[in-house]
Amino acid sequence: MSAPDAHPADQPTCPSAESGERLLPDELRAWMVLLAATGAMEQRLRVVVKETLDVSHDEFLILCLLAERPRTGLRMTQVADLLGRPKTRLTYQIACLQRAGLVNRRSVCGDKRGVEVVLTDRARELLRETSALLAGTVRQALADSMGADQRAAMCALIPDLAGLDAGRAAR
């Protein structure tokens with residue numbers, strides 16, 4: 001991009017920026033911008049996650065959920081609910097992560113059918129080593145996918161988002 005506020009070719013401007021008429025309330029405009037920014041972040045993260053952790057994006061999301069649980073795990077049903085994924089698909093992804101030595105499964109005490117998933121020490125170390133790179137990928141994707149109009153729309157939901165301008169200027 002040549003100018004800091006230039007829109008990427010595939011990033012449309014907000015509807016209200018094109019005309020003086022506002023059809024959608026600020027919250028819906030912000031939600032649409034958030035969806036576009038999330039898509040841009042996911043595309044970039046897919047590549048970086050595969051190169052650095054050698055896991056799929058969906059497997060990475062599972063690792064992130066578990067990383068927020070210090071030494072405790074989550075039930076498989078909780079992971080499926082939090083990610084909005086079918087339990088059958090999750091079982092496959094957990095098996096892949098277990099074969100890679102990144103998670104362990106264990107029975108839930110007092111519940112014969114309950115299965116809990118927990119990160120291994122190896123997974124914790126990998127996440128520590130790669131977290132700065134992954135966070136930078138997210139920040140860069142956000143900065144690149146949102147122009148001034150999009151950041152203004154997001155401020156309807158996240159007032160502190162204006163700080164992105166300072167980070168973009170520092171590049």
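Keep in mind that what you see is a predicted model, and the values were worked out from it rather than measured. The residues of the chain are indexed from 1 along the displayed sequence.
Atom-to-atom distance recorded for Leu126:CG and Ser131:OG is 11.0 Å, nearest 0.5 angstrom. Interatomic distance, Leu142 CG to Met41 CE, rounded to the nearest 0.5 Å: 4.5 Å. Interatomic distance, CZ of Phe60 versus CG of Leu65, reported as 10.5 Å (0.5 Å rounding). Remark: Leu82 CG to Cys64 SG distance equals 12.5 Å, nearest 0.5 Å.
Heavy atoms only, all atoms of each residue included: Ala40 and Ser145 are closest at CB-CB, 3.7 Å. Here the closest non-hydrogen pair linking Arg75 and Val108 is NH2-CG1, 3.1 Å.
Partners of Arg106 under the salt bridge (Lys or Arg N to Asp or Glu O under 4.0 Å) rule, at least two apart in sequence or in another chain, are Glu116. In this view, Leu35 and Trp31, Met32 satisfy the side chain to side chain contact (heavy atoms under 4.5 Å, CB included) rule, not counting sequence neighbours. Residues meeting the side chain to side chain contact (heavy atoms under 4.5 Å, CB included) test with Val48, sequence neighbours left out: Thr52, Leu133, Leu134, Thr137. Take Arg122 and apply the side-chain hydrogen bond (donor to acceptor under 3.5 Å, both in side chains) test, not counting sequence neighbours, and it matches no residue. Considering only residues two or more places apart in sequence or on other chains, Gln78 meets the side-chain hydrogen bond (donor to acceptor under 3.5 Å, both in side chains) condition with none of them. For Glu125, the side-chain hydrogen bond (donor to acceptor under 3.5 Å, both in side chains) partners two or more places apart in sequence, or in a different chain, are Arg128.
A 4.5 Å side-chain heavy-atom check between Leu119 and Leu102 finds every atom pair outside the cut-off. Within the 4.5 Å cutoff, the side chain of Val117 has no heavy atoms near those of the Leu74 side chain. Between Val49 and Thr130, the closest side-chain pair of non-hydrogen atoms is not below 4.5 Å. Counting only heavy atoms from C-beta outward, the side chains of Val103 and Val118 never approach each other to under 4.5 Å.
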Identify every side-chain donor-acceptor pair in residues 83-96 under 3.5 Å, counting partners at least two apart or on other chains, and give the distances.
from  : atom 1 : to    : atom 2 : distance (Å)
Arg85 : NH1    : Leu83 : O      : 2.7
Arg85 : NH2    : Asp58 : OD1    : 2.8
Thr91 : OG1    : Lys87 : O      : 2.9
Gln93 : NE2    : Asp58 : OD2    : 3.4

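Screening residues 30-50 for salt bridge (Lys or Arg N to Asp or Glu O under 4.0 Å) gives Glu42-Arg46, Arg44-Asp144, Lys50-Asp54 as the qualifying pairs, with residues at least two apart or on separate chains.
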